[in-house]
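What follows is a single structure, written as structure tokens, with notes after it.
All chains are named by letter (A, B, ...) in the order of the sequence lines, taking the proteins before the strands, and each is independently numbered beginning at 1. Note that the structure is predicted; figures quoted are calculated from it, not measured.
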2 protein chains.
Amino acid sequence: MLPKDCDQLVFLAEGASKLIVHMPDLSEQVLAFHFAGDMIYLPHHSQPGLGIIALEDCRIIGFPAKDFLEIAELEPSVLRTILDRSLLALQRSRNKAIRLGRKSAQERIADFLLAMADRIGEPEGNAIRLILPMSRRDIGNSLGLTIETVSRQFTELRDEGVVSTSGRSLVRLNCLGELAVRAGHKHHAEEPCEFCAGSKNDLQPVAIATAD
Amino acid sequence: MLPKDCDQLVFLAEGASKLIVHMPDLSEQVLAFHFAGDMIYLPHHSQPGLGIIALEDCRIIGFPAKDFLEIAELEPSVLRTILDRSLLALQRSRNKAIRLGRKSAQERIADFLLAMADRIGEPEGNAIRLILPMSRRDIGNSLGLTIETVSRQFTELRDEGVVSTSGRSLVRLNCLGELAVRAGHKHHAEEPCEFCAGSKNDLQPVAIATAD
DNA sequence: CGTGCATTTGATAGCTATCAAAGAAGGTGG
DNA sequence: CCACCTTCTTTGATAGCTATCAAATGCACG
């Protein structure tokens, strides 16, 4: 696909992808997920083994970084935009490092869901609807958890009504406040939503409409 | 110290520092260590709670990012330099995420020591001498480990002759190959050094000269 | 409707955090 | 220069969490 002999600047125009790195043990580690509008810098030269893998149909545009940046220097605003995007990527990477460094499995999953809600969530009343393009394996790989642990955390959140799921990819976040608590972002939800308040002890999770 | 009401660009001219973020539970998380020559971008605006803390006497220069970048746009090569530094920071952050995501305590410590060797190590024969400016607590905090686990891993590496220590801050990496194996970078050391070869089973670690 | 893969669920082992206490290291004041 | 004190580090014992192994269930696709 993309030439791998030099640094690449890739623009993801449409779709969703994962940025991965091949590990010495031949497995792969997910570094980040990317969505429409993202810019991805691939320093093949200083860090071999990087790769972008599509999670669904994508439209991407790639340039050799060297050439692109040389041209961009003629137009500082372009360079500035690339800088801003890189700084955003850095911020996301640091936030991820925090997740991985000192958070439990449930905190990582809750934090992940909130991060996805920010990026690809669609409001649905007081809740947020998510269509996750990545598998449980990818999620676990990205968060430093096994697929089984990811599944158990989803089950727990579902049993407690914080989220609802339908099929493999559709997730509805019923109570962002409670999720933020689970993610360790705050200590107590100020206003428990109807789902959390009711289903914490005994109620079954509400069925989720698959949309039309 | 530095104004915290707007994004800052900080240049560390001399010394060593840690970049931290204050967590909701009032504890702090170490995001990165920085050394002479590093550029650090502090997005106070989009991510409150960041801070730079000196680990030893430092000389630092800080600018409001907005003003600096406006001026830098007039000189593309400057902007380009800042971009390159940011991309380097991104790469380091991603590597750290890998460490935190799927590595054991020993792998994290070994990887950390190799990373420090690259940045502030001084060759000493076939070994590398490190003067660590940060405490065990900072190391653990940075790697997502407790201070006790860090200490246990140091002890193990010391008992096996891979490293020698003297006092709190002086560490000598006796066998980079073995350390790389411990870090999970490769599977077998091609040429075990004198220390590793001899002390793997029974020899005591060699005393380390404190240098004058 | 059957096949294959992803997910879920269950039981157990291993690793690291936590709790507790002893032992160095460095700094201070006598 | 030495005794003391504070802080950091090391060491030990235990509990908790997650990985691992194993098997069942569910979902998508042909």
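Residue-level contact check: B:Arg137 touches the backbone only, with heavy atoms under 4.0 Å from sugar-phosphate atoms and none from bases. Within the nucleic acid shown, A:Ser135 comes within 4.0 Å of sugar-phosphate atoms alone, with no base atom in reach, counting heavy atoms only. Within 4.0 Å (heavy atoms only), B:Thr146 reaches at least one base atom of the nucleic acid. Residue A:Gly144 is in sugar-phosphate contact alone, with no base atom involved, counting any heavy-atom pair closer than 4.0 Å across all strands shown. A:Arg168 comes within contact range of at least one nucleobase, with a heavy-atom separation under 4.0 Å.
Projected onto DNA chain D by closest heavy-atom contact, B:Thr155 and A:Arg108 fall at different nucleotides, the more 5' of which corresponds to B:Thr155.
Salt bridge present: B:Glu28 and B:Lys18 bring a charged side-chain N and a carboxylate O closer than 4.0 Å. In summary, B:Glu124 and B:Arg172 engage in a salt bridge, as defined by a charged side-chain N under 4.0 Å from a carboxylate O. A salt bridge links A:Arg182 and A:Glu160; the closest N-O separation between the charged side-chain nitrogens and carboxylate oxygens is under 4.0 Å.
The distance between atom CZ of B:Phe154 and atom P of C:dA24, rounded to the nearest whole Å, is 19 Å. In this structure, B:Arg136 atom CZ and C:dA25 atom C1' are separated by 12 Å, rounded to whole Å. Note: CG (B:Leu170) to C1' (C:dA24) measures 16 Å, nearest angstrom. Going from atom CD1 of A:Ile147 over to atom P of C:dT8 covers 8 Å, rounded to whole Å.
Residues meeting the side chain to side chain donor-acceptor pair (under 3.5 Å) test with A:Arg137, sequence neighbours left out: none.
When DNA chain D is scanned 5' to 3' for any atom under 4.0 Å from a heavy atom of chain A, the first and last hits are D:dT18 to D:dC27.
Using cut-offs of 30° and 60° on the angle between ring planes, the pair A:Phe63 and A:Phe11 is perpendicular.
Between the A:Lys103 side chain and the A:Ala183 main chain, a donor and an acceptor come within less than 3.5 Å of each other.
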